[in-house]
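A short write-up of the structure that comes next.
The shown structure was predicted, so the numbers you read here are calculated from the model rather than taken from an experiment. Order of the sequence lines sets the chain letters (A, B, ...), proteins ahead of strands, with each chain counted from 1.
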Amino acid sequence: VSVLLYAVTDAALDTASGEGLEQRPLRTLSHNGLRAVVSDVEDAPAAEPDTLWAYHGVVTRLMGSASLLPARFATTAQSDGEITALLATRERELARALEHVRGAAEFAVRADSRRPDAPDAPSRPGTAYMRARLAQSDVVRDFEAQAGELVRARTRRSARSWAYLVDRHHWDEFENLARGFRLAITGPWPPYSFVGETG
Amino acid sequence: VVSKVVTSPPPAGDLALIDLLDRLLQGGVVIQGDITLSVADIDLVKLDLRLLVAAFDAVVRR
């Protein structure tokens, strides 16, 4: 039996906050003000869509009642002690990261790969491709300029995708703005991309 | 405290799945060196997911 970590929080969670994977009850491990939400699992879970969504469901349910730092999927320890050791050795970093994400969630924004309406140069497809990429960068830049105060933090996830940390009071406005720029957006996600230096 | 509960059902489609993979497998708090990840019994190498996300960059439409 292993211990699966879901999230770290500093809020007092209802101990009956439900089940984790394998229909096992969630438990809370504490160190000073920090709490790790865990459950026992027979094996580390496999990264299959149903399991990933189930794990995500547990974390989002917890997020409904507390600001938290989500754990990377399949973060397992051999004992409760390993988890509390994590809380102890990284106490400051985790507390700081929790403060950073408090009251906020993450949105994923992705630029469209379609070419813009700029005229093509048929004999030089590479040029057209580069022009399309640059135009998409402009779209994201304009979007970010308008999003301004709505965004608490940002980080790039890939060549065309970005993660934004957005206060819940701005969620609707942020989503509408992204759609207005024809950017693909998903969220709100737990703040997976904003858990601190080692995330 | 985030008082608005985030309980919307999983957004449909490949876009949500790729964003889910990117976040759950490449984000979040980690315990150094203590993660076993497998996909259908094949160890998932971080680089592979990077390539997957990059490939998805090239085809996304909305």
Heavy-atom proximity to chain B below 4.5 Å, by part of A:Ala97: neither
Option passing side-chain contact (heavy atoms from CB on, under 4.5 Å) with B:Arg23 (candidates A:Glu106, A:Arg72, A:His56): A:Glu106
B:Leu21 side chain reached by A:Phe73 side chain, heavy atoms, under 4.5 Å: no
Minimal non-hydrogen separation, B:Ala16 against A:Trp189, with atom names: O-CH2, 3.7 Å
CG (A:Asn176) with more than 12 external heavy atoms under 6.0 Å: yes
Toward chain B, the part of A:Tyr55 with a non-hydrogen atom under 4.5 Å: side chain
Under 4.5 Å from a heavy atom of chain B, the part of A:Leu68 involved: neither
Ionic contact status for B:Asp19 with A:Arg110, cut-off 4.0 Å: yes
Test side-chain contact (heavy atoms from CB on, under 4.5 Å) applied to B:Asp22 and A:Tyr192, step by step: CA-CA 9 Å; B:Asp22 186 25; A:Tyr192 282 99; over 6 Å; no
A:Ser161 OG to B:Ile18 CD1 distance, which is reported to the nearest 0.5 Å: 9.0 Å
B:Leu25 side chain reached by A:Leu52 side chain, heavy atoms, under 4.5 Å: yes
Non-hydrogen atoms of A:Thr75 and B:Val29 that approach each other most closely: OG1-O, 3.7 Å
